[in-house]
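Quick notes on the structure that follows.
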Protein chains: 2
Amino acid sequence: MREAKEVTIYDIAKKLNISPATVSRGLAGHPGISKKTKKKIIDTVEEMGYRSNHFARNLRQKQTHTIGVMVHELNSNFITSVLAGIEKVTTEAGYDLIIAHSSESAKKEAANARNLFQKRVDGLIASLSFDTTDLDHFQPFLNKDVPVVFFDRVEQDGNRTVVVIDNAKCGYMATEHLLSQECKRIAHVTSSLNRNVYAQRYKGYRDALYDKGLPFDEKLLLVGDLSEQAGIDAANQIMKMKPRPDGIFCTNDFVAAVCMRTLKEKGIRIPEDIAVVGFNNDAIGHLIEPTLTTINYPGIDMGEIAARNLINHLKGISNLQQTNTVIVRSELIIRNSSVRKKK
Amino acid sequence: MREAKEVTIYDIAKKLNISPATVSRGLAGHPGISKKTKKKIIDTVEEMGYRSNHFARNLRQKQTHTIGVMVHELNSNFITSVLAGIEKVTTEAGYDLIIAHSSESAKKEAANARNLFQKRVDGLIASLSFDTTDLDHFQPFLNKDVPVVFFDRVEQDGNRTVVVIDNAKCGYMATEHLLSQECKRIAHVTSSLNRNVYAQRYKGYRDALYDKGLPFDEKLLLVGDLSEQAGIDAANQIMKMKPRPDGIFCTNDFVAAVCMRTLKEKGIRIPEDIAVVGFNNDAIGHLIEPTLTTINYPGIDMGEIAARNLINHLKGISNLQQTNTVIVRSELIIRNSSVRKKK
DNA sequence: AAGATTTATGTAATCGGTTGCATGAATTTT
DNA sequence: AAAATTCATGCAACCGATTACATAAATCTT
């Protein structure tokens, strides 16, 4: 058993006294190979424990049947849902996946891009890392006509295929909800406004304020990275503000949780003193106290849609040039961290 | 730019009027290629935008320079730390990674194994899924002498290379700590005792009880999967017990958090009425209230060690047959969910 | 300076499938 | 029954890098 030489189609061919070409065709389900021969081939393949050599195949066909996925992190509910969605669609279509994560570093993201390019993935699905500013590292793919679909964190220059939620609307909904709970001064804890998702949510926040006739106060905008420290810092800043805010719209559940914990330590009651809304609907949201109002981000759907678009393009069914932007539905989930009005 | 034909070493060779063999050697840093030629080659490679073809290389060399990683899930702190550790070591050594996750399903795990086998990874690092009972799907790797290192969830039949923590000791520490906080009836919320990690922790729990002269009560052992529902069920069962337990040792932070939330909803005070210890040191542990005492599981170290062992074996520096079991240090982190005695 | 050794490079086979073209046999058409 | 068509399979080139072996040039030895 051990140390066995690899079985090739030549071995199969020799055993059956037919040509390797026939074996190859038989295995590929080529029409015009007789049923009898086909059966003999398959039986012998089974018997000899043959496994096809991807490299020979890819070398000849110049296709890898592999799709690359680039994400910023793996440890959120949202991302793993997206991956599940992508996986479902690609597996059905007979494609393999290579998943690369950048740990939120633009440098690592560029390295991953080089690597996947080197591996010659047939297509790419990507969400940008936190500090990615330019998209140069995707240029090689475009130069070689390798299709790329972006999701979630994208660069919305209108020239690429992207799958997103309506972040502005979500920001609006979150803010509007806080306003409906009689919040008058709503802090916005978010991340770099260079990143589309945060810029859009911010826009929604401002629009909601505007529509209610409330002024926007720049001091209420707290920008940080998405670390635990960022949440603590935000809470400390909020404590120092006079008058103190009575609502927080935070664009990340984890940071919202850290923020809430820190505020509670300082004696703030949530939602009575400050109402809080997060974003993403991560598992953490209903384990903390009070449970966190948040925006549900349909990861599975986004993954499925991104993957389906890519694969349809690869199979020539549709063309990515035409479908520029897909917007996936999302919704506000109201829990205890924000409800101050009794019915 | 676009539609450009792929550049090969033949193109480079033609341009420089040398042979493809020289180009190949120059690129591989072969000694005995003059510095001048080497420089010319590298310059031309740069200029023409050559990228090497992995498939041709792998086909010829019968090596993929790729390591497969199989994990049960991606969404825990622990697993992402392990991945980070593996990544660090393998990248340094010039190996690529393919990460496959089984979503805790033995069936998917077997499919992943087939896939990675098909892809001919040079080595494998794996943690078993929840309901994996036999290791048949790893047999093909062993038959072909592809080295496999298991970590965390393993089958400890003494015949494989495994990287683990001392789960029994951790279970002992956790239980002992609860006992030191004057707990008299400690429930043990865990998962299938067929899985080594849970079996060992259970053993530690029982040993600690025994050493303190306390009886073991079978009714206090609550086995479930690791879902949210399992946590709720466990809490409900604990509420029904008479006399009610005054301590819980839960082998998973997430389930511990769910349990705590459910108990609190029913008016139980933690740690006064019931003290709780979790396992893993996930981020959630210091966001919930009270913060969770837990066992720190050094993911990065485990990943690094597993990867280093595998790579040393691949490079012929060491032999996996010899290093059977590596035990990584771990420790108890005491937070508020378990501290009842004031100093 | 002739022979021995080292250095730098070339030649050609090889890895294992895939596929355009060719061919002979079987079947259908007229 | 001869001609036309279809069917099943074979031949051989090809994908692009690697490498054992060969060879020519340069350097060293005595």
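A note on names: the letters A, B, ... follow the listed sequences, proteins ahead of strands, and every chain is numbered from 1.
As rounded to whole Å, 15 Å separates atom P of dC15(D) from atom OH of Y50(B). Distance, F55(A) CZ to dA17(D) P: 15 Å, rounded to whole Å. Atom NE2 of H30(B) and atom P of dT19(D) are 9 Å apart (whole Å). In this structure, the CZ atom of R57(A) is 17 Å from the C1' atom of dC14(D), given to the nearest Å. Summarising the geometry, the separation between CD1 on I9(A) and P on dG10(D) is reported as 12 Å, rounded to the nearest angstrom. Following rounding to the nearest Å, K35(A) (NZ) and dT9(D) (P) show an atom-to-atom distance of 13 Å. Spacing between atom CG of L59(A) and atom C1' of dC15(D) amounts to 4 Å, rounded to whole angstrom units. Atoms CD (E6(B)) and P (dC15(D)) sit 13 Å apart, rounded to a whole Å.
Inter-residue side-chain proximity for H101(B) and M70(B) is flagged as unmet; no heavy-atom pair is nearer than 4.5 Å. At a threshold of 4.5 Å between non-hydrogen side-chain atoms, the residues F151(B) and V82(B) count as touching. Between V197(A) and D152(A), some side-chain heavy-atom pair lies under the 4.5 Å cut-off. No side-chain heavy atom of E304(A) sits less than 4.5 Å from a side-chain heavy atom of I86(A). Here the side chains of H54(B) and T64(B) are not in contact, with every heavy-atom distance at 4.5 Å or above.
Looking at R25(A), its side chain comes within 3.5 Å of the base of dG10(D) through a donor and an acceptor atom.
Between H65(B) and Y95(B), the angle of the ring planes lies from 30° to 60°, which puts this pair in the tilted group.
Cation-pi geometry between R51(A) and F117(B) is met: the NZ or CZ atom falls under 6.0 Å from the ring centre, inside 45° of the normal. A cation-pi arrangement is absent between R120(B) and F55(A) under the rule of less than 6.0 angstrom and at most 45 degrees off the ring axis.
The nearest heavy atom of DNA chain D to Y10(A) and to I33(A) marks one nucleotide each, and the one closer to the 5' end goes with I33(A). Summary of the strand contacts: N17(B) and R120(B) both lie near DNA chain C, and taking for each the nucleotide with the nearest heavy atom, the more 5' one is attributed to N17(B).
OP1 or OP2 of dT18(D) has at least one side-chain nitrogen or oxygen of S24(B) nearer than 4.0 Å. Checking the phosphate oxygens (OP1, OP2) of dA8(D), no side-chain nitrogen or oxygen of T37(A) falls inside 4.0 Å. Close to dT9(D), at under 4.0 Å from its OP1 or OP2, lies no side-chain N or O of T22(A). Contact check, T8(B) against dC15(D): no side-chain N or O comes under 4.0 Å of OP1 or OP2. In this model, the phosphate group of dT19(D) is approached by a side-chain N or O of Q61(B) to a distance below 4.0 Å at OP1 or OP2.
Along DNA chain C, read 5' to 3', the first and last nucleotides having any atom under 4.0 Å from a heavy atom of chain A are dG16(C) to dC21(C).
Residue contacts shown for L27(A) are absent, as no nucleic acid heavy atom lies under 4.0 Å away.
When distances are taken from the side chain of R60(B) to each of dC15(D), dT9(D), dT19(D), the shortest belongs to dT19(D).
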